[in-house]
Amino acid sequence: MRAPEATLQNALLHPDPQVRELALEHFGHGHRDDPSIMPQVVEAIKRYGWRDAFASLELLDNLPQTPETIAWLLDELERIGEPRSEAQETTRDNIAFTLAEASAVDLRTVEERLNNSRFLPDAVRDEIKQRIALLDADPEECWRKLEAVCEREKHEEELSEEGVDEAYRLTEAIARERDRFRERVLGVLHADVEQAGASALLWLEGFAVRLAGEMRLAEAAPLVVDKLRAVAPYHDQVDWLAEECERALIRINGDATVESLEQAFTSGSWNFQQAVISILQGIHTDRSEQALLNLLARVPDVQIRQHLCRALLVSGSQEGVAWARRLIEAGPMDPAMLDLRQELLAAADMMEMTFPEQAEWREETKDDDEARRLWYSREAPVVDNYNELVQQRRRQAESRGSFLPAPTSLMHRERVGRNDPCPCGSGKKYKKCCMRKG
């Protein structure tokens, strides 16, 4: 059983920052359509301040805004004014990125304020202007322009930043015409990209996946799952398409989507399984919770079980608390298990639950830093951190044939574009991570 959404929403105001962060991940990761979430986030920021309310402010980009919350964000830009410190500059940039992701329909309601704002970065202002202008564009012309972008860059190993931004604006406009473009999108998804060679289809495929998500095309879900399974083993090389698949499947939602993911899980690669867990975490239905529980009951790999437990906790599964308790009790208490224990305590508070070991484990977490230090010194003396150790073990597994090796023919990156994975290893886009801190 999942905790009531109202309970999870109240956790956005919890005095413990870890609980607030978990609640924000619950709502932000799921690409929710509920306009009541952002006002609660605003209240948390008013109460605790921009710096202390939430650590992962990039998740605000996924929350639906309203004309009122957009106006408040603009008020905050005016209040901050010209940044006088790195912290203020970071806050200003986070506000600007959140505004840039708001619905063009809602942005139009405050268009004059946006145009006249002295503190909105010019690049964001221009992006918003172009998105608002597309509200009046001919949808068929938008489709032709999208094909032209893909045709123009069909020989490139990666799309240019300008091409990506233009294509995203166009897909937003096209998605508003669901009935008109449904069959066209499905036709692209059915096409054999490998046989197409160097054609516009190479890039149009990814934007069709995005459109399937924006249009909530349930019939597209099996096609998108197949694409994700195909590219996931090579996630580092084709992360853009994999990311679009994850985003689309969360938005498509529905029991049929969950069924396809659960059935495909055991036959997929490690990266595919991680992607499936992330998607199921974001769907927030009884069926997605059951799928996570089903997988947890039959998957023996301890690391996968940790990730499944975490997904259940973030998604608000009360039964996930019991599973996490059993996994933690079985040990061993390595750094990943210590993290899971901290997240269990935060999730229990988020769901307003109690369990017998709660007080004892909360006291023990005070020594987690020392426990990690001892673990590193004992188990990983030549490894700088646990993430490197995990990558090392995965490379060893690949050499044994446990994972598919990455192909050399797929696209690689020599520079960091703002839509590329952040080099810090967070798994987020550069523009939503360290680019904001630079």
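Nothing fancy with the numbering, it's 1 onward along the sequence.
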Is L293 close to E289 at the side-chain level, that is, under 4.5 Å between some pair of heavy atoms? yes

Do K145 and E140 meet the salt-bridge criterion of a basic N to acidic O distance under 4.0 Å? no

Look up atom OG1 in T266 and atom CZ in R298, then write down how far apart they are to the nearest 0.5 Å. 6.0 Å

Measuring only between side-chain heavy atoms, which start at C-beta, is D33 closer than 4.5 Å to R251? yes

Measuring only between side-chain heavy atoms, which start at C-beta, is T257 closer than 4.5 Å to V224? no

Counterpart residues, side-chain contact (heavy atoms from CB on, under 4.5 Å), relative to E166 (two or more places apart): V149, R152, R169, L170

Side chain to side chain, V314 and L22, heavy atoms closer than 4.5 Å: yes

Separation between CG of L73 and CD of E68, rounded to the nearest 0.5 Å: 12.0 Å

Before you tell me yes or no, could you show the steps for R144 and E147 under salt bridge (Lys or Arg N to Asp or Glu O under 4.0 Å), namely the whole-Å CA-CA distance, both residues' side-chain angles and the distance that decides it to 0.1 Å? CA-CA 5 Å; R144 287 191 291 271; E147 289 181 319; over 6 Å; no

Roughly how far, to the nearest 0.5 Å, is OG1 of T7 from CZ of R2? 12.0 Å

Nearest 0.5 Å please: distance from the CG atom of L74 over to the CD atom of E78. 7.5 Å

T171 side-chain N/O to A167 backbone N/O, donor-acceptor pair under 3.5 Å: yes

Here's a test for you: under salt bridge (Lys or Arg N to Asp or Glu O under 4.0 Å), which of E243, E246, E205 qualifies with K227? E205

Go through the steps for E58 and N94 under the test side chain to side chain donor-acceptor pair (under 3.5 Å), then give the verdict. CA-CA 7 Å; E58 71 277 359; N94 276 306; over 6 Å; no

Hey, are R210 and E172 close enough for a salt bridge, meaning a charged N less than 4.0 Å from a carboxylate O? no

Determine whether more than 12 heavy atoms belonging to other residues, nucleotides or ligands lie under 6.0 Å from atom CZ of R51. no

Would you say L280 and L308 make side-chain contact, with heavy atoms under 4.5 Å? no

Has the side chain of Q273 got a donor or acceptor atom that lies under 3.5 Å from a matching backbone atom of F265? yes

Quick one: does any side-chain atom of T285 pair with a main-chain N or O of S288 as donor and acceptor, under 3.5 Å? yes

Quick one: do S269 and N271 satisfy side chain to side chain donor-acceptor pair (under 3.5 Å)? Show the steps, please. CA-CA 5 Å; S269 67; N271 282 329; 5.4 Å; no

For the pair R247 (side chain) and E214 (backbone), establish whether a donor and an acceptor sit closer than 3.5 Å, ignoring hydrogens and angles. no

Would you call the rings of W50 and W72 parallel, tilted or perpendicular, taking 30° and 60° as the class edges? parallel

Using modelled atom types and a 3.5 Å cut-off, is there a donor and acceptor pairing between side-chain atoms of Q9 and backbone atoms of S36? yes

Is it true that a side-chain atom of S315 and a backbone atom of A311 form a donor plus acceptor pair closer than 3.5 Å? yes

Can you confirm if the NZ or CZ of R92 lies within 45° of the ring axis of F119 and under 6.0 Å from the centre of its six-membered ring? no

Which heavy atom of I252 sits nearest a heavy atom of A212, and at what distance? CG1-O, 3.6 Å

Would you say that N253 contacts R216 through its side chain, given a criterion of any heavy-atom pair below 4.5 Å between the two side chains? no

Look at the side chain of R20 and the backbone N and O of A53, then say whether any donor-acceptor pair between them is shorter than 3.5 Å. yes

Show, in sequence, the C-alpha distance, side-chain angles and deciding distance for L60 and E101, and conclude whether the side-chain contact (heavy atoms from CB on, under 4.5 Å) test is met. CA-CA 9 Å; L60 271 59; E101 296 292 335; over 6 Å; no

Intermediate values then yes/no, side-chain contact (heavy atoms from CB on, under 4.5 Å), M215 and E177: CA-CA 8 Å; M215 295 176 174; E177 299 286 337; over 6 Å; no

What are the two closest heavy atoms between L59 and E25, and how far apart are they? CD1-CA, 3.7 Å

Qualifying residue for side-chain contact (heavy atoms from CB on, under 4.5 Å) with H26, from E21, Q281, E5: E5

Go through it in stages, so that I can follow the logic: the residues are F181 and L211, the test is side-chain contact (heavy atoms from CB on, under 4.5 Å), and I'd like the CA-CA distance, side-chain angles, deciding distance and then a yes or no. CA-CA 9 Å; F181 292 104; L211 283 164; over 6 Å; no

Scanning both residues in full, the closest heavy-atom pair of M351 with L313 reads CE-O, 4.0 Å

For R229 and G268, indicate whether the former's side chain and the latter's backbone hold a donor-acceptor pair under 3.5 Å. no

Give me the atom names and distance for the closest heavy-atom approach of A96 to V124. O-CG1, 3.6 Å

Walk me through it: do S160 and E153 pass the test side chain to side chain donor-acceptor pair (under 3.5 Å)? CA-CA 8 Å; S160 67; E153 307 208 17; 2.7 Å; yes

Step-by-step side-chain contact (heavy atoms from CB on, under 4.5 Å) determination, I37 to L12: CA-CA 9 Å; I37 305 303; L12 290 165; 4.1 Å; yes

Using side-chain heavy atoms (C-beta onward) and a distance below 4.5 Å, is D136 in contact with R108? yes

If you measure only the distance, is there a donor-acceptor pair under 3.5 Å linking the side chains of S278 and H29? yes

With a 3.5 Å distance limit and no angle check, can you tell me whether R305 reaches the backbone of V299 through a side-chain donor-acceptor pair? yes

Check: W240 ring centre within less than 6.0 Å of F207 ring centre: yes

Taking every non-hydrogen atom, the tightest pair across L327 and C309: CD2-SG, 3.9 Å

Basic-acidic side-chain contact under 4.0 Å: R131, D165: no

Could you go through Q290 and N294, starting from their C-alpha distance and side-chain angles, then the distance that decides it, and tell me whether this counts as side chain to side chain donor-acceptor pair (under 3.5 Å)? CA-CA 6 Å; Q290 189 58 54; N294 292 344; 2.8 Å; yes

To the nearest 0.5 Å, atom CG of L344 lies from atom CE of M337 at 11.5 Å

Looking only at heavy atoms, which two atoms of L228 and A275 are closest? And how far apart? CD2-CB, 3.9 Å

Between L292 and L296, is any pair of side-chain heavy atoms under 4.5 Å apart? no

Spacing of NZ belonging to K129 relative to CG belonging to N115, to within rounding of 0.5 Å: 5.0 Å

When you measure from the side chain of S260 to the backbone N and O of A256, does any donor-acceptor pair fall under 3.5 Å? yes

